[in-house]
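Here's the structure, in structure tokens; my notes come after.
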Amino acid sequence: MNGTKWTTAAAALLGLWAIASPFAYGAGQAMTWSAVVVGALVALVAGYDFYRRTEAERLVTGGAALTALLGLWLLASPFVFETATGTGMFWSSVVVGVAIAALGAYNAYVGRRRGKAAAGRAA
């Protein structure tokens with residue numbers, strides 16, 4: 001239980017960094033909008049999952065999967081918007097995107113596994 005609690009918190013914090021990073025690195029307009037919107041979605045979804053875990057409720061597997069997909073978008077966005085390689089914004093998006101995708105995928109996997117186990121006990 002505690003594992004997913006802290007991985008959802010980490011994803012939410014990384015979402016907040018995704019919001020701030022274009023302002024820290026001076027990204028272009030398209031990259032800024034993408035990072036702010038996706039970062040806000042990650043922070044909200046992962047933050048909600050964190051809240052659920054603190055209340056000892058089951059993880060929302062769909063939310064965790066959405067977090068993973070949003071992380072993949074953050075990873076791809078510097079290539080889509082042709083952000084110069086070697087810049088802080090490029091590497092921030094790549095590293096944060098990989099981390100969010102991995103955390104979201106892990107949370108979705110664990111949430112699904114626990115959901116199946118709970119359904120098996122109820123039957």
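Just so you know, these numbers come straight off a predicted model, no measurement behind them.
A 4.5 Å side-chain heavy-atom check between Thr8 and Tyr48 finds every atom pair outside the cut-off. Contact annotation: the side chain of Leu59 never approaches that of Arg52 to less than 4.5 Å [non-hydrogen atoms, C-beta and beyond]. Side-chain contact between Ser93 and Thr83 is absent, with no heavy atoms from C-beta onward closer than 4.5 Å. Considering only heavy atoms from C-beta on, Val98 stays 4.5 Å or farther from Val95 through its side chain. Residues Tyr51 and Thr54 form a side-chain contact, since some pair of their non-hydrogen atoms from C-beta on lies under 4.5 Å apart.
Taking all atoms of both residues into account, the shortest heavy-atom contact from Arg58 to Arg53 is CA-NH1, 3.9 Å. Scanning all heavy atoms of the two residues, the minimum distance from Pro22 to Ala35 falls at CG-CB, 3.7 Å. Of all heavy-atom pairs spanning Ala18 and Leu74, the tightest one is CB-CD1, 4.0 Å. Considering every non-hydrogen atom in both Trp17 and Ser92, the closest pair reads NE1-OG, 2.8 Å. Listed here is the closest heavy atom pair of Ile100 and Gly15: CD1-N, 4.1 Å. Shortest non-hydrogen contact noted between Met31 and Phe81 is SD-CD1, 3.7 Å.
Residues Val37 and Val80 fall within the same hydrophobic cluster, defined by Ile, Leu, Val, Met, Phe, Trp and Tyr side chains chained together at heavy-atom separations under 4.5 Å. The hydrophobic clustering, which links ILVMFWY residues whose side-chain heavy atoms are closer than 4.5 Å, places Tyr106 and Val96 apart. The cluster map of Ile, Leu, Val, Met, Phe, Trp and Tyr, joined by side-chain heavy atoms under 4.5 Å apart, puts Leu13 and Val42 in different clusters.
The structure places CG of Leu16 at 11.0 Å from OG of Ser21, a figure rounded to the nearest 0.5 Å. Note: Ser77 OG to Met89 CE = 6.5 Å, rounded to the nearest 0.5 Å. Here the CG-CG distance, from Asp49 to Leu103, works out to 12.0 Å after rounding to the nearest 0.5 Å. With rounding to the nearest 0.5 angstrom, the CG atom of Leu44 is 10.5 Å from the CG atom of Leu70.
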Side chain to side chain donor-acceptor pair (under 3.5 Å) evaluation trace for Thr4 with Asn107:
CA-CA 6 Å; Thr4 56; Asn107 290 334; 5.2 Å; no

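In summary, of the residues considered (Val60, Val45, Leu41, Thr61), a side chain to side chain contact (heavy atoms under 4.5 Å, CB included) with Leu66 occurs for Val45 alone.
Using cut-offs of 30° and 60° for the angle between ring planes, the Trp6 and Phe50 rings count as tilted.
Aromatic rings of Phe79 and Phe90 (six-membered ring for Trp) have centroids within the 6.0 Å cut-off, being under it.
Annotation for Gln29: atom CD does not count as buried by contact number, only 12 or fewer foreign heavy atoms lying within 6.0 Å.
Judged by distance alone, the side chain of Ser34 and the main-chain N or O of Ala30 form no donor-acceptor pair under 3.5 Å.
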